[in-house]
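Report on the structure given below.
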Amino acid sequence: MPELPEVETVRRLLEPALAGRRIVAAEILDSRLTRPFAPGLVATELVGQHVVAVQRRGKYLSIVFESGRVLLVHLRMTGSFRVAPRGSYSPSAHRRAVLSMDNGSDVAYRDVRRFGTWELFEPGELDPYLEARLGPEPFARTVTGHWLVERLSGRRAPLKAVLLDQRVLAGLGNIYVDEALWRARLHPLRPASSLGLAEGTSIVRAVRAVLRLGISRQGATLRDYVAPDGDEGAMQDEFRAYGREGEPCDRCRAPLARIVVAGRGTTFCPRCQPEP
DNA sequence: AGGTGGACCCGAACGC
DNA sequence: TGCGTTCGGGTCCACC
(Lines give C-alpha, C1' and ligand atoms only; values in the text may rest on other atoms or scores of the structure.)
Protein backbone atom coordinates (compact mmCIF):
# COMPACT_ATOMS: atom_id res chain seq x y z
CA MET A 1 0.00 0.00 0.00
CA PRO A 2 1.93 2.99 -1.16
CA GLU A 3 2.11 5.68 1.53
CA LEU A 4 4.65 8.48 1.72
CA PRO A 5 7.78 6.27 2.05
CA GLU A 6 6.75 4.00 -0.83
CA VAL A 7 5.85 6.95 -3.08
CA GLU A 8 9.11 8.71 -2.20
CA THR A 9 11.03 5.52 -3.07
CA VAL A 10 9.26 5.38 -6.43
CA ARG A 11 10.06 9.04 -7.03
CA ARG A 12 13.74 8.57 -6.27
CA LEU A 13 14.04 5.78 -8.82
CA LEU A 14 11.76 7.31 -11.42
CA GLU A 15 13.38 10.74 -11.54
CA PRO A 16 16.82 9.70 -12.86
CA ALA A 17 15.14 7.45 -15.42
CA LEU A 18 12.80 10.15 -16.70
CA ALA A 19 14.35 13.57 -16.18
CA GLY A 20 15.87 14.94 -19.37
CA ARG A 21 14.05 12.34 -21.49
CA ARG A 22 11.29 12.75 -24.04
CA ILE A 23 8.24 10.50 -24.37
CA VAL A 24 8.26 9.02 -27.87
CA ALA A 25 5.22 6.75 -27.50
CA ALA A 26 2.46 6.30 -24.95
CA GLU A 27 -0.02 3.48 -24.59
CA ILE A 28 -2.83 3.58 -22.05
CA LEU A 29 -4.73 0.32 -21.82
CA ASP A 30 -7.28 1.03 -19.07
CA SER A 31 -10.02 3.60 -19.47
CA ARG A 32 -10.40 3.98 -15.69
CA LEU A 33 -6.86 5.32 -15.38
CA THR A 34 -7.54 8.65 -17.09
CA ARG A 35 -11.27 9.01 -16.35
CA PRO A 36 -13.19 11.09 -17.32
CA PHE A 37 -10.84 11.62 -20.25
CA ALA A 38 -10.38 9.03 -22.98
CA PRO A 39 -7.07 7.16 -22.61
CA GLY A 40 -6.19 7.68 -26.25
CA LEU A 41 -6.59 11.43 -25.85
CA VAL A 42 -4.27 11.58 -22.84
CA ALA A 43 -1.73 9.30 -24.53
CA THR A 44 -1.64 11.61 -27.56
CA GLU A 45 -1.00 14.62 -25.33
CA LEU A 46 1.86 12.83 -23.56
CA VAL A 47 3.79 11.98 -26.73
CA GLY A 48 6.52 14.55 -27.34
CA GLN A 49 6.53 15.85 -23.77
CA HIS A 50 9.98 16.43 -22.29
CA VAL A 51 10.32 15.47 -18.61
CA VAL A 52 12.19 17.91 -16.39
CA ALA A 53 11.46 16.48 -12.91
CA VAL A 54 9.56 13.89 -10.91
CA GLN A 55 8.21 15.29 -7.66
CA ARG A 56 6.18 14.00 -4.72
CA ARG A 57 3.55 15.75 -2.65
CA GLY A 58 1.88 13.54 -0.02
CA LYS A 59 1.11 10.31 -1.84
CA TYR A 60 0.93 12.02 -5.25
CA LEU A 61 3.68 11.80 -7.86
CA SER A 62 3.99 14.55 -10.41
CA ILE A 63 5.85 14.13 -13.66
CA VAL A 64 6.70 17.68 -14.63
CA PHE A 65 7.18 18.57 -18.30
CA GLU A 66 9.15 21.37 -19.91
CA SER A 67 5.84 22.66 -21.33
CA GLY A 68 4.67 23.40 -17.78
CA ARG A 69 2.14 20.60 -17.96
CA VAL A 70 2.19 17.98 -15.22
CA LEU A 71 1.07 14.35 -15.18
CA LEU A 72 -0.26 13.74 -11.68
CA VAL A 73 -0.14 10.06 -10.70
CA HIS A 74 -1.75 8.48 -7.65
CA LEU A 75 -0.87 4.82 -7.07
CA ARG A 76 -3.73 4.28 -4.59
CA MET A 77 -3.31 0.74 -3.37
CA THR A 78 -1.73 -1.39 -6.02
CA GLY A 79 -0.21 0.94 -8.62
CA SER A 80 3.47 0.40 -9.44
CA PHE A 81 6.04 1.48 -12.03
CA ARG A 82 8.72 -0.58 -13.69
CA VAL A 83 11.55 0.99 -15.67
CA ALA A 84 13.45 -1.30 -18.03
CA PRO A 85 15.09 -1.28 -21.46
CA ARG A 86 12.48 -1.70 -24.20
CA GLY A 87 11.83 -5.36 -24.93
CA SER A 88 13.83 -6.60 -21.93
CA TYR A 89 10.83 -7.41 -19.76
CA SER A 90 8.02 -9.89 -20.17
CA PRO A 91 4.43 -8.74 -20.48
CA SER A 92 2.83 -8.66 -17.08
CA ALA A 93 -0.76 -9.17 -16.07
CA HIS A 94 -2.52 -5.98 -14.98
CA ARG A 95 -0.32 -3.69 -17.07
CA ARG A 96 -2.31 -0.51 -17.57
CA ALA A 97 0.06 1.80 -19.43
CA VAL A 98 3.51 2.05 -21.02
CA LEU A 99 5.54 5.18 -21.74
CA SER A 100 8.39 4.74 -24.21
CA MET A 101 11.28 7.13 -23.67
CA ASP A 102 13.76 8.50 -26.19
CA ASN A 103 16.70 6.63 -24.61
CA GLY A 104 15.21 3.22 -25.34
CA SER A 105 13.75 2.56 -21.91
CA ASP A 106 10.11 1.78 -21.19
CA VAL A 107 8.19 2.91 -18.15
CA ALA A 108 5.48 0.31 -17.54
CA TYR A 109 2.63 0.97 -15.14
CA ARG A 110 0.80 -1.90 -13.44
CA ASP A 111 -2.26 -1.73 -11.18
CA VAL A 112 -4.10 -4.86 -10.06
CA ARG A 113 -7.12 -3.13 -8.51
CA ARG A 114 -7.40 -0.26 -10.96
CA PHE A 115 -7.82 2.43 -8.30
CA GLY A 116 -4.81 4.42 -9.45
CA THR A 117 -5.20 7.61 -11.49
CA TRP A 118 -3.28 9.56 -14.13
CA GLU A 119 -4.40 13.14 -14.62
CA LEU A 120 -2.84 15.70 -16.93
CA PHE A 121 -2.75 19.30 -15.63
CA GLU A 122 -2.19 22.49 -17.57
CA PRO A 123 0.43 24.97 -16.30
CA GLY A 124 -0.66 26.54 -13.02
CA GLU A 125 -3.54 24.14 -12.37
CA LEU A 126 -1.77 21.66 -10.13
CA ASP A 127 -0.87 23.73 -7.09
CA PRO A 128 -4.42 24.81 -6.26
CA TYR A 129 -5.59 21.23 -6.78
CA LEU A 130 -3.06 19.86 -4.30
CA GLU A 131 -3.41 22.69 -1.81
CA ALA A 132 -7.15 22.02 -1.57
CA ARG A 133 -6.54 18.38 -0.70
CA LEU A 134 -3.33 18.23 1.29
CA GLY A 135 -1.98 19.55 4.56
CA PRO A 136 1.76 20.17 5.04
CA GLU A 137 4.43 17.56 4.45
CA PRO A 138 5.24 15.88 7.78
CA PHE A 139 8.87 17.04 7.49
CA ALA A 140 7.95 20.69 6.94
CA ARG A 141 9.46 23.10 9.48
CA THR A 142 6.01 24.50 10.21
CA VAL A 143 4.92 21.12 11.58
CA THR A 144 5.52 21.13 15.34
CA GLY A 145 3.75 19.67 18.35
CA HIS A 146 2.25 23.07 19.03
CA TRP A 147 1.02 23.40 15.45
CA LEU A 148 -0.56 19.93 15.55
CA VAL A 149 -2.37 20.55 18.84
CA GLU A 150 -3.77 23.80 17.42
CA ARG A 151 -4.71 22.12 14.17
CA LEU A 152 -6.64 19.40 16.00
CA SER A 153 -8.39 21.65 18.48
CA GLY A 154 -12.14 21.24 18.24
CA ARG A 155 -11.90 17.91 16.46
CA ARG A 156 -13.67 15.17 18.36
CA ALA A 157 -12.75 12.47 15.86
CA PRO A 158 -10.38 9.71 16.96
CA LEU A 159 -6.68 10.52 16.73
CA LYS A 160 -6.20 7.82 14.13
CA ALA A 161 -8.95 9.26 11.91
CA VAL A 162 -7.40 12.74 11.87
CA LEU A 163 -3.92 11.39 11.13
CA LEU A 164 -5.38 9.55 8.13
CA ASP A 165 -6.92 12.84 6.96
CA GLN A 166 -4.60 14.09 4.20
CA ARG A 167 -5.68 17.69 4.87
CA VAL A 168 -4.10 17.49 8.32
CA LEU A 169 -0.77 15.91 7.29
CA ALA A 170 0.02 14.70 3.78
CA GLY A 171 1.23 11.18 3.17
CA LEU A 172 0.17 8.99 6.09
CA GLY A 173 -1.89 5.84 5.54
CA ASN A 174 -3.10 2.97 7.66
CA ILE A 175 0.28 1.34 8.17
CA TYR A 176 2.39 4.33 9.20
CA VAL A 177 -0.36 5.75 11.42
CA ASP A 178 -0.50 2.52 13.44
CA GLU A 179 3.30 2.51 13.65
CA ALA A 180 3.47 6.14 14.73
CA LEU A 181 0.79 5.75 17.40
CA TRP A 182 2.57 2.71 18.83
CA ARG A 183 5.78 4.72 19.08
CA ALA A 184 4.04 7.71 20.61
CA ARG A 185 2.22 5.37 23.05
CA LEU A 186 -1.12 6.93 22.19
CA HIS A 187 -4.41 5.08 21.82
CA PRO A 188 -5.92 5.35 18.30
CA LEU A 189 -9.31 6.31 19.80
CA ARG A 190 -8.03 9.27 21.78
CA PRO A 191 -10.22 12.26 20.86
CA ALA A 192 -7.96 14.42 18.69
CA SER A 193 -8.73 17.60 20.64
CA SER A 194 -7.68 16.01 23.95
CA LEU A 195 -3.97 16.05 23.09
CA GLY A 196 -1.58 18.02 25.25
CA LEU A 197 1.53 19.74 23.93
CA ALA A 198 3.86 16.92 25.00
CA GLU A 199 1.64 14.39 23.24
CA GLY A 200 1.46 16.50 20.10
CA THR A 201 5.23 16.76 20.11
CA SER A 202 5.64 13.04 20.53
CA ILE A 203 3.26 12.35 17.62
CA VAL A 204 5.24 14.65 15.32
CA ARG A 205 8.45 12.95 16.41
CA ALA A 206 6.97 9.45 15.97
CA VAL A 207 5.46 10.24 12.56
CA ARG A 208 8.79 11.52 11.29
CA ALA A 209 10.68 8.57 12.73
CA VAL A 210 8.48 5.93 11.08
CA LEU A 211 8.44 7.78 7.76
CA ARG A 212 12.22 8.16 7.81
CA LEU A 213 12.63 4.49 8.64
CA GLY A 214 10.17 3.57 5.87
CA ILE A 215 12.12 5.62 3.33
CA SER A 216 15.44 4.14 4.46
CA ARG A 217 13.98 0.62 4.03
CA GLN A 218 12.62 1.60 0.60
CA GLY A 219 9.04 1.09 1.70
CA ALA A 220 7.05 -1.92 2.83
CA THR A 221 6.21 -4.76 0.44
CA LEU A 222 3.07 -6.59 1.52
CA ARG A 223 1.48 -7.84 -1.66
CA ASP A 224 1.91 -5.73 -4.73
CA TYR A 225 4.31 -2.94 -3.94
CA VAL A 226 7.62 -3.00 -5.83
CA ALA A 227 9.98 -0.17 -6.62
CA PRO A 228 10.59 0.81 -10.27
CA ASP A 229 13.81 -1.23 -10.29
CA GLY A 230 11.86 -4.35 -9.29
CA ASP A 231 13.20 -4.38 -5.73
CA GLU A 232 10.95 -5.06 -2.77
CA GLY A 233 11.00 -2.88 0.32
CA ALA A 234 12.10 -4.08 3.75
CA MET A 235 9.96 -1.91 6.01
CA GLN A 236 7.57 -4.79 6.69
CA ASP A 237 10.37 -6.31 8.81
CA GLU A 238 10.33 -3.21 11.03
CA PHE A 239 6.63 -3.18 11.88
CA ARG A 240 5.95 -2.98 15.61
CA ALA A 241 2.15 -2.84 15.38
CA TYR A 242 0.65 -3.08 11.88
CA GLY A 243 -0.60 -6.58 11.08
CA ARG A 244 0.71 -8.06 14.35
CA GLU A 245 -2.52 -8.69 16.21
CA GLY A 246 -2.01 -11.24 18.98
CA GLU A 247 1.78 -11.01 18.89
CA PRO A 248 3.56 -9.72 22.00
CA CYS A 249 4.29 -6.00 22.12
CA ASP A 250 8.02 -5.33 21.55
CA ARG A 251 8.02 -3.04 24.61
CA CYS A 252 5.85 -4.75 27.21
CA ARG A 253 5.05 -8.23 25.82
CA ALA A 254 1.27 -7.72 26.17
CA PRO A 255 -0.55 -9.21 23.15
CA LEU A 256 -1.35 -6.57 20.53
CA ALA A 257 -5.07 -5.91 20.04
CA ARG A 258 -7.09 -5.16 16.91
CA ILE A 259 -10.07 -2.84 16.60
CA VAL A 260 -11.73 -0.93 13.76
CA VAL A 261 -11.26 2.86 13.73
CA ALA A 262 -12.61 5.08 10.96
CA GLY A 263 -13.41 1.89 9.07
CA ARG A 264 -9.79 0.72 9.15
CA GLY A 265 -8.23 -2.28 10.82
CA THR A 266 -6.12 -0.92 13.67
CA THR A 267 -3.50 -2.76 15.68
CA PHE A 268 -2.13 -1.35 18.95
CA CYS A 269 -0.79 -2.31 22.34
CA PRO A 270 -3.57 -2.18 24.94
CA ARG A 271 -1.01 -1.71 27.73
CA CYS A 272 1.45 0.84 26.23
CA GLN A 273 -1.32 2.77 24.47
CA PRO A 274 -3.85 3.16 27.27
CA GLU A 275 -7.58 3.51 26.77
CA PRO A 276 -8.73 7.15 26.58
C1' DA B 1 -19.93 21.47 9.76
C1' DG B 2 -17.72 17.80 11.14
C1' DG B 3 -17.85 12.87 11.14
C1' DT B 4 -19.11 8.34 9.31
C1' DG B 5 -19.85 4.76 5.98
C1' DG B 6 -20.44 3.08 1.26
C1' DA B 7 -18.59 2.77 -3.52
C1' DC B 8 -14.95 1.76 -6.36
C1' DC B 9 -11.87 -2.90 -7.60
C1' DC B 10 -10.04 -7.58 -7.48
C1' DG B 11 -6.97 -11.15 -5.50
C1' DA B 12 -6.15 -13.59 -1.30
C1' DA B 13 -7.75 -15.71 2.59
C1' DC B 14 -11.30 -17.81 4.82
C1' DG B 15 -15.66 -20.73 5.72
C1' DC B 16 -18.59 -24.41 4.70
C1' DT C 1 -12.00 -30.21 -3.68
C1' DG C 2 -14.75 -26.49 -4.87
C1' DC C 3 -17.55 -23.00 -4.30
C1' DG C 4 -19.21 -18.65 -2.19
C1' DT C 5 -18.11 -14.88 1.06
C1' DT C 6 -15.32 -11.52 3.34
C1' DC C 7 -11.62 -8.38 3.62
C1' DG C 8 -8.59 -4.53 2.69
C1' DG C 9 -7.16 0.05 1.50
C1' DG C 10 -7.08 5.80 -0.44
C1' DT C 11 -10.11 8.95 -1.81
C1' DC C 12 -14.47 10.84 -3.00
C1' DC C 13 -19.19 11.54 -2.05
C1' DA C 14 -23.72 11.05 0.07
C1' DC C 15 -25.82 11.24 4.22
C1' DC C 16 -26.40 12.06 9.26
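Convention: sequence-line order gives letters A, B, ...; per-chain numbering from 1.
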task = Would you tell me if any nitrogen or oxygen in the side chain of A:Gln166 comes within less than 4.0 Å of OP1 or OP2 on C:dT11?
result = yes

query = For the side chain of A:Val112, counting heavy atoms from C-beta on, which of B:dG3, C:dT11, B:dC10 is nearest?
reply = B:dC10

inquiry  = Could you work out, with ring pair (Phe, Tyr, Trp, His ring centres under 6.0 Å) as the rule, every residue matching A:Trp182, not counting sequence neighbours?
reply    = none

request  = Take atom CG of A:Leu172 and atom C1' of C:dG10, then tell me their distance rounded to the nearest Å.
outcome  = 13 Å

message = What is the distance, to the nearest angstrom, from the CG atom on A:Asp165 to the P atom on C:dC13?
response = 15 Å

ask   = Between B:dC8 and A:Arg76, is there an OP1 or OP2 to side-chain N/O distance shorter than 4.0 Å?
value = no

query = Would you say a side-chain N or O of A:Arg32 is under 4.0 Å from OP1 or OP2 of B:dC9?
reply = yes

task = Rounded off to whole Å, could you give me the OH-to-C1' distance for the A:Tyr129 and C:dT11 pair?
result = 9 Å

query = So, is A:Arg155 near the phosphate of B:dG3, with a side-chain N or O under 4.0 Å from OP1 or OP2?
reply = yes

ask   = Salt bridge check: are A:Arg56 and A:Glu6 linked by an N-O gap of less than 4.0 Å?
value = no

ask   = How would you label the contact of A:Gly263 with the nucleic acid (heavy atoms, under 4.0 Å): base, sugar-phosphate, or nothing?
value = nothing

ask   = Hey, does the side chain of A:His74 come within less than 4.0 Å of C:dT11's phosphate (OP1/OP2), counting only N and O?
value = yes

key: Spacing between A:Arg156 atom CZ and B:dA1 atom P, to the nearest angstrom   = 14 Å

request  = Assess whether one donor atom and one acceptor atom, taken from the side chain of A:Arg264 and the base of C:dG8, lie less than 3.5 Å apart.
outcome  = no

request  = Rounded off to whole Å, could you give me the CZ-to-P distance for the A:Arg167 and C:dC12 pair?
outcome  = 9 Å

ask   = Are the side chain of A:Arg155 and the backbone N or O of A:Ala192 linked by a donor-acceptor pair below 3.5 Å?
value = no

request  = Mind calculating the distance between CG (A:Asp111) and P (C:dT11) to the nearest angstrom?
outcome  = 14 Å

message = Using whole Å, what does the distance between atom P of nucleotide B:dC9 and atom CG of A:Leu75 come to?
response = 18 Å

task = Indicate whether OP1 or OP2 belonging to B:dC8 is found under 4.0 Å from a side-chain N or O atom of A:Arg113.
result = no

inquiry  = Output the rounded distance in Å from CZ (A:Phe115) to C1' (C:dC7).
reply    = 12 Å

query = Do the charged groups of A:Arg12 and A:Glu8 touch, with an N to O distance under 4.0 Å?
reply = yes

request  = Using a strict 4.0 Å threshold on nitrogen-to-oxygen distance, state whether A:Glu137 and A:Arg57 make a salt bridge.
outcome  = yes

